[in-house]
Amino acid sequence: MTSPFPDATPREIDAAVHNAAACFPSYRKLPGERRATYLEAIAAGLEREASEIVSLADAETSLGEARLSMELART
């Protein structure tokens, strides 16, 4: 299986890291309950897409679906 995601260029990676760093100060100021809601939404998305995430990760790493499923559950 070929990944549907193109490789990122160094410039795109730098932009993503810069944007994340720029957002962090406002995220950090959110009350814990708001941050928890945000993190729970991320977890729900990971669970919803678990099969596809594990399949893609296995194609890229050959670590095996059992191990990757466990790692995703830990995440």
Side-chain angles (χ1 to χ4, degrees):
M1 171 190 291
T2 303
S3 173
F5 305 106
D7 289 338
T9 66
R11 186 178 197 160
E12 290 169 327
I13 294 168
D14 286 344
V17 170
H18 173 78
N19 290 337
C23 291
F24 183 72
S26 61
Y27 173 79
R28 183 178 184 190
K29 292 177 185 175
L30 293 174
E33 187 173 298
R34 289 272 316 271
R35 286 187 277 168
T37 299
Y38 180 71
L39 293 172
E40 287 167 353
I42 292 170
L46 290 171
E47 289 174 357
R48 185 176 52 253
E49 303 296 332
S51 178
E52 186 173 358
I53 292 168
V54 168
S55 179
L56 285 169
D58 186 42
E60 292 182 0
T61 66
S62 299
L63 289 174
E65 290 191 9
R67 176 176 174 185
L68 291 165
S69 292
M70 179 188 69
E71 295 292 343
L72 183 60
R74 287 180 53 209
T75 299

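Just so you know, these numbers come straight off a predicted model, no measurement behind them.
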Q. Is the CG atom of N19 crowded by more than 12 outside heavy atoms at less than 6.0 Å?
A. yes
Q.
Using the rule that Ile, Leu, Val, Met, Phe, Trp and Tyr join whenever any side-chain heavy atoms are under 4.5 Å apart, tell me whether L56 and I42 fall into a single cluster.
A. no
Q: Would you list the pairs meeting salt bridge (charged side-chain N to carboxylate O under 4.0 Å, His left out) in which at least one residue belongs to residues 24-33, sequence neighbours left out?
A: none
**Q.** Same cluster (ILVMFWY, side-chain, under 4.5 Å), Y38 and L46
**A.** yes
Q) Of all residues at least two apart in sequence or in a different chain, which pass the side chain to side chain contact (heavy atoms under 4.5 Å, CB included) check with A15? A) none
Q.
Checking L68 now: which residues fulfil side chain to side chain contact (heavy atoms under 4.5 Å, CB included) with it, not counting sequence neighbours?
A. V54, A57, D58, T61, L63
Q. Among all residues two or more places apart in sequence or in another chain, which pass the side chain to side chain contact (heavy atoms under 4.5 Å, CB included) test with E12?
A. A8, T9
(Q) Enumerate the side chain to side chain donor-acceptor pair (under 3.5 Å) contacts for residues 65-75, please, sequence neighbours excluded, ordered by first and then second residue. (A) E71-R74
Q. Listed by chain and number, what are the side chain to side chain contact (heavy atoms under 4.5 Å, CB included) partners of L30, not counting sequence neighbours?
A. Y27, R34, R35
